[in-house]
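Below is one structure, written out as structure tokens, with a few remarks after it.
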Amino acid sequence: MNDRELILKIVAGQDDLFKLLVSKYKNKVISIICSFCGNNCEYEDIAQNVFIKVFGSLNKFRFESSFSTWIYKITINESITFSKKRKSFAVSLNEKTGSDEEMEFIDLL
């Protein structure tokens, strides 16, 4: 069964077939995530988000591009979003974050 047939059946209500799409694209999705975020990132969480978005939007897919192009674009967007969130939470270890009194207390530890 090709992607088009599979997608049409899933959209028609055969949700259990979605696992076939996940199985087919899982490795490539994880590979893309790791290329953006590194091998040590939470690639499983990001991949899960990708497939949740794909499932929720499958009825909007219009077959104007290949399904692989569409899912890879979603994967790239999710990877970028994750990278931005991770960078926004990063704090420099050299950055002074407290008052002088707090820093003196920390130094005593």
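Everything numeric in this text was worked out from a predicted model, so none of it was measured.
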Are the side chain of [X] and the backbone N or O of [Y] linked by a donor-acceptor pair below 3.5 Å?
X   : Y   : answer
S83 : S79 : yes
R62 : N59 : yes
S31 : N27 : no

How long is the gap from [atom1] on [X] to [atom2] on [Y], to the nearest 0.5 Å?
X   : Y   : atom1 : atom2 : result
L6  : L21 : CG    : CG    : 4.0 Å
I71 : S57 : CD1   : OG    : 11.0 Å
C37 : D45 : SG    : CG    : 11.5 Å
Y25 : T75 : OH    : OG1   : 11.0 Å
W70 : L58 : CH2   : CG    : 5.5 Å
L8  : L17 : CG    : CG    : 11.5 Å

Within-4.5 Å side-chain heavy-atom neighbours: [X] and [Y]:
X   : Y   : result
I80 : K84 : yes
F36 : F82 : no
I7  : F63 : yes
D3  : K24 : yes
K28 : I32 : yes
F51 : V29 : yes

- request: Return the minimal non-hydrogen interatomic distance between I10 and D15, and the atom names on each side.
  value: O-OD1, 3.6 Å
task: Please say whether more than 12 non-hydrogen atoms of neighbouring residues, nucleotides or ligands are located less than 6.0 Å from CZ in F67.
output: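 Counting neighbours around CZ of F67, more than 12 heavy atoms of other residues, nucleotides or ligands fall under 6.0 Å, so yes.
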- prompt: Are K73 and T69 close enough, and set up right, to give a side chain to side chain contact (heavy atoms under 4.5 Å, CB included), and what steps lead you there?
  reply: CA-CA 6 Å; K73 182 63 177 170; T69 300; 5.6 Å; no
- request: Look at the side-chain heavy atoms of Ile, Leu, Val, Met, Phe, Trp and Tyr, link any pair under 4.5 Å apart, and say whether I52 and F55 land in one connected group.
  value: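 Not linked; separate clusters.
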